[in-house]
Amino acid sequence: MNTHPTLPEFDYLRPRTLAEASEFLSRHPGEARPFMGGTDVLVRMRDGFLTPRFLVDVKGLDGMNELRFDPRAGLTLGAAFCMNRVIASAEVRTHYPLLAEACRSVASYPLRTRATVVGNLCNASPAGDTIGACLVLEGVLHVHGVHGPRQERLGSFFLGPGKTTLEAGDVVTAIHFPLPPKGCAGVYLKLGRNQLSDLSIVGVTALGYPDSTCLSGYRFRLAMASVAPVPLVPVEAERHLASHPITPESLREAAQLAADACSPIDDVRGSARYRRLMVRNLSAMALARVWNRLTG
Amino acid sequence: MKSAGSQPTASPIGENAPRIDARQKVTGAAVFADDIQFGDSLLHARIKRSPHPHALIRKIDTARARALPGVKSVVTGEDFPGHIGLYLQDRYIFCRDRVRYIGDPVAGVAAISEEIAQKALDLIDVDYELLEPVLDPELGIRPNAALLHPDLGQYVVANFIFPKPGTNISNHFKIRRGDVDSAWGQCAAVVERKYRIPHIQHVPIEPHVAVAKVEESGEITLWGSSQSPFAQRNLIAQSMGISQSRVRVIAPLVGGGFGSKAGVSMEALVVAIATKVRGRAVKLLLTREEEFYTAFVRQGLVAHFKMGCDAKGRLLAMENIFYWDGGAYTEYGVNVTRAAGYSSSGPYEVPNMKTDSYCVYTNHPVGGPMRGFGMPEMHAGLEQCIDELALQVGMDAVEFRRLNCLKTGSTLVTGSKMHPTGLPICIEKTAEAIGWGKKAPPSAPNKRRGKGLALMWKAPAMPPNAGSSAWVELAEDGTVTVGVGGQELGQGVFTVAAQMAAAALGVPYESVRIATPVDTRYSPYEWQTVASRLTWSMGNAIVNAAKDAKRQILGTVAEAWGETPEDLEIVQGVVISYKSEKEIPLKNLAIYGLPKPNDQGWRGGPVIGRGNFMPTYVTGLDPETGQGERAVVHYTTGAQAVELEVDLDTGRIEILRGVSAFDVGKAINPGLVEAQMEGGFVQGMSSALFESLNLKDGVVRSPSFVDYRIATTADAPKDLQAIIVEVAQDDGPWGARGIGEHSMVPTIPAIANAIYDAVGVRLEGPPFTAEKVYLAMLEAGIVK
Amino acid sequence: MALHEIHVTINDEPEQVAVPANMTLMRMLREKLALTGTKNGCSAGECGACTVLLNGEPVNSCMVLAVECDGARIVTVEGLADEQRLAPIQETILSEGGVQCGFCTPGILISAHALLQRNPNPGEDEIREALVGNLCRCTGYVRIIESVKEAAKMQSLAG
């Protein structure tokens, strides 16, 4: 780590349109970055990990600061809509409470005035707290690139720690969530070192909803934070839950499968061994809680 | 506790007088060292630091850095050959031939901006020859270990520190009392344990900062966030071979010290850099990352305890070996070794003691004074062994402590006798407040609940002649200014200083000001703001100064009234005679004196009260046995208890309740004393649950808030009780002794004992992270 | 580096400042405007000592670029009191004894003030959550939490 007392020098631009932003970014690959809340970018710049020549402020562009809910189409969350506003939004609280819960677990109130869900996704840290919710809620990214707008599914978006499928010139303008499955219930369990705040040692997101195609009549979606190079969806565990009756036993088995799917590392926050055990325990807890809420 | 209302306070001793420094802190007006405006000519310094834990410096090339536009000065150790250090002069201001820890300063740059200074660092080329590092004190003490200080035998050292030249041992303190070897045979129970206490850091929210300006004449002014302006003046002057009178230190409010800003650390660097840019102020502000490991840290400890008691639970013997991971330089830390040595029995009477306390050089960050000065590290293991011993002999842990704890007149590990102490009262009140013996059900099926208790003792660790002084002056309107050399770190010392001055002089508290900032040119001498010594030591000096001023005032008035001073008193700023009932306010009198009758002249004159205090009775200790007449000035004792829950799914600890009881002699300001107990408890709790610098291969792996976690609002217990016990200290002002450090000392073992009560596991050392607790429970078969 | 000319309102006073792109809001306040009430504890968005209100919401000013603040409204600790009186939270943190070294205090006051604006009657857990990003090393937080409760009472009495 080469932490500086001040930020390195760079140029700051605020383009007026998405097209302008995209064009500038593509003309300066590796030198220019889109800039929103800055809570990841500024820290990494200070630590010497990032040295962009240009920061391109995209916060005010084309609806990026808006949140729109359509009762048929779902929720479109503008990329620059900060996490505190997500938490406070009546539409989010009513229809996507899991997303609000995930946002609420991030850092602190002042940081969440700047932090964004899209920023959390683009930073692509396996520890990202809102990524699990976005995955289980089947969020889709709206990206504006040099060739115009396109969509990116989250399932294939993450390539490794800090790496995504985004290319030079891309600006993510929003994340869109389809209507959540009827009657769903979700929970985000995060284990940090402090009671609140902190990065996750392990994070488990669980969503359950009625689905007649599953043996039990319910389907579960899971996502794990901080236990693999990318946010992890433990497919085996999901399949197990879909093909078995839901009992304390089958929930335990699913939790073990989720733990088996992880490839955690040892780091200062926790050992791989402990992380695996916590995935098991937290998954069991999360599934039990969701199951209790689904079945009243 | 709410502060006193707006009525003038009669006798402020024992009152919650409102803090004298707080209003400016809530409006943003309070000036800390980084807030002082120096104007556009201020230069900024950055330090080039060693990336290696242990290496020889072969060559330093600063030419490219000097050539960078905007750079005004580049210095290395070549220009500063003097050693520096408080108890043992074992370091240079900048490294000269060798680097001994990652972060060791190798060169310094002053430039017109921090950015340019930082860029210049990258232009300084240093050739190192790597040496084998010493990373563990138990390995560093072995004869074949790499030698970190070959010149140890030549360092100037205080006469109560015993280095072993030719080794990495910079101090070896011994206790040999009674016959430990025979005593084991009489023990019904023996506990033998090893504890490993990691390095932590003070984490003041204000990082270290210092500004230095050297005039053409060579006169030096140093502004800084400092607990020790006079010690900094002295040590820097000594090291640079100049008179103390040519170094002026100005110290504004300190944003948290906890010992980190005592002695000298980064201040000397910026003074050195400033000597090359005469006439311009140079500022050095540590980044938070540098704060974690380049100023002072709390040294690590590997402690071996062996203790035994008879069948009735009477402690018979202790054999304790402490290997202090002192770090690269132990100029300050050597005294931690000593303090732990002469305190190594814990607050108990133990007839047979054998202690070896070693300060060992390692290639780790510099261990220095941190709140507790060795006591938290030592009690962490000692108080757990006491619990284990009690269990072995079938006694309740509190009962065991009642039996063995120090009482008035007990014989101490150094051979002297315990002064009057409220330790037994502290035990009773703590046990009662925590509901000792009663077990509440856990709050959920996946939790286990437990209670734990621990005791502590600590004496101010300082040279036998650490002194305080004070002056008292009055203005025309009768308001009072008190000059002190002690520093406000947040503990409230300016407030209690004003309370004591007001009470001793006889004026309302509200009419007293403290002369701030502390400035060695104008303020009276104070050894350092450490050791929880100011209320007692500086308090005595203030009382003496106030009495001196009072004597002058009463002398003048007595003469004017034809009475004797013994019949006069000052009450609420008015001189009154008990005999004649005459009255005269202090207004004008303390400056102009009083006129003689019939315009025949004047008597009196400007009043200036002076006072000092220095203990005269501390004796040396025998280097072979650690025995002596009086090892220390006094001890503050106390107890803490916690109630906590362990989460069986994660291993996470939640502290539900904390209780502290400390014998402070006399609480000059009870609210401030309670605040110290609360803050110390939480800092102790934080060190128990979260904190470690995570040293590996000489690298601090948690050098930022991201991974060095401290307690937040979400972690503070909902129920914290602070109990004041008052058994007077014979030579304390109104009987007072210190409290600042003590509330952090017993917290780790209180929590460890509670974890054992909850789930039956003990860990090798803090932090008691969820992971460690969970894996210990897994191994013990408590969870699967 | 080029300088950007920005217009900001700080504590109800309009200011015009020329800032380089890499200057944070925290540094602008402290170095360009001598508003040193806002403190630098880590420059990494972790400790909260630099918390100010940006368009009414608390932010870590070390994580905001000055250049982003063109047209913005900023409130620092110096702006919490009006000419006559301290804000309720300033009064109660004094009366409850929630100030020791004072270095975290400006950030705590801003975060607490903002909490009381959006939630005039917060419960204990809400107070803890709102202040979790403001680190204090001296007080142990108990009296700080009490002072927020008292300020809420004071505010509701004032109507």
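Computation of the quantities below employed the complete heavy-atom set of this structure, encompassing side-chain atoms and omitting hydrogens, waters and symmetry-equivalent molecules. These figures come from a predicted structure and were not determined experimentally. Each chain gets a letter, A, B and so on, in the order its sequence line appears, and its residues count up from 1.
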CA sep, side-chain torsions, deciding dist, call: B:Lys718, C:Glu124, salt bridge (charged side-chain N to carboxylate O under 4.0 Å, His left out): CA-CA 9 Å; B:Lys718 297 211 159 130; C:Glu124 166 116 11; 5.4 Å; no
Residue list, side-chain contact (heavy atoms from CB on, under 4.5 Å) with B:Glu290, at least two apart or on another chain: B:Arg46, B:Arg49, B:Leu286, B:Thr287, B:Thr294
Heavy-atom closest contact ([X] atom, [Y] atom, distance):
{"X": "C:Arg143", "Y": "B:Ala675", "value": "NH2-N, 3.8 Å"}
{"X": "C:Cys138", "Y": "B:Phe258", "value": "SG-CZ, 3.8 Å"}
{"X": "B:Gly255", "Y": "C:Cys101", "value": "C-SG, 3.4 Å"}
{"X": "B:Ala22", "Y": "C:Leu94", "value": "CB-CD2, 3.3 Å"}
{"X": "B:Ala711", "Y": "C:Tyr141", "value": "O-OH, 2.7 Å"}

Please classify the contact of C:Val142 with chain B as side chain, backbone, both or neither, using a heavy-atom distance under 4.5 Å. side chain
Residue C:Leu131 versus chain B: region with a heavy atom under 4.5 Å: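 The answer is both parts of C:Leu131.
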Counting only non-hydrogen atoms closer than 4.5 Å, does [X] touch chain C with its backbone (N, CA, C, O), its side chain (CB onward), both, or neither?
{"X": "B:Val203", "answer": "both"}
{"X": "B:Ala30", "answer": "backbone"}
{"X": "B:Gln24", "answer": "neither"}
{"X": "B:Val209", "answer": "neither"}
{"X": "B:Leu672", "answer": "neither"}

Would the number of heavy atoms belonging to other residues, nucleotides or ligands and lying under 6.0 Å from [atom1] of [X] be above 12?
{"X": "B:Arg23", "atom1": "CZ", "result": "no"}
{"X": "C:Asp12", "atom1": "CG", "result": "no"}
{"X": "C:Glu13", "atom1": "CD", "result": "no"}

Highest number of heavy-atom pairs under 4.5 Å with chain C: which of [options]?
{"options": "B:Met685, B:Gln491, B:His202, B:Glu488", "result": "B:His202"}
{"options": "B:Gly257, B:Ala714, B:Ala29", "result": "B:Ala714"}
{"options": "B:Asp715, B:Leu720, B:Leu253, B:Val706", "result": "B:Val706"}

Residues in residues 21-52 of chain C that sit under 4.5 Å from chain B, counting heavy atoms only: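 The stretch touches chain B at C:Asn22, C:Arg27, C:Arg30, C:Ala34, C:Thr36, C:Gly37, C:Lys39, C:Asn40, C:Gly41, C:Cys42, C:Glu46, C:Cys47, C:Ala49.
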Is any residue of residues 104-115 of chain C within less than 4.5 Å of chain B by heavy atoms, and which ones? C:Thr105, C:Pro106, C:Leu109
May I ask you to decide if B:Val26's main-chain N or O and C:Gln90's side chain share a donor-acceptor pair within less than 3.5 Å? yes
Between C:Arg128 (side chain) and B:Ala716 (backbone), is there a donor-acceptor pair under 3.5 Å?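 Checked: pair present.
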Derivation of the side-chain contact (heavy atoms from CB on, under 4.5 Å) call for B:Gln676 and C:Gln100: CA-CA 9 Å; B:Gln676 285 305 296; C:Gln100 288 190 29; 3.2 Å; yes
In chain order, what residues pass the salt bridge (charged side-chain N to carboxylate O under 4.0 Å, His left out) check against C:Glu68, with sequence neighbours excluded?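 A:Lys59, A:Arg114.
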Approximate separation, where rounding is to 0.5 Å, of C:Ile144 CD1 and B:Glu678 CD: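 Those atoms lie 10.5 Å apart.
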For residues B:Thr713 and C:Ile127, determine if any side-chain heavy atom of one lies less than 4.5 Å from a side-chain heavy atom of the other. no
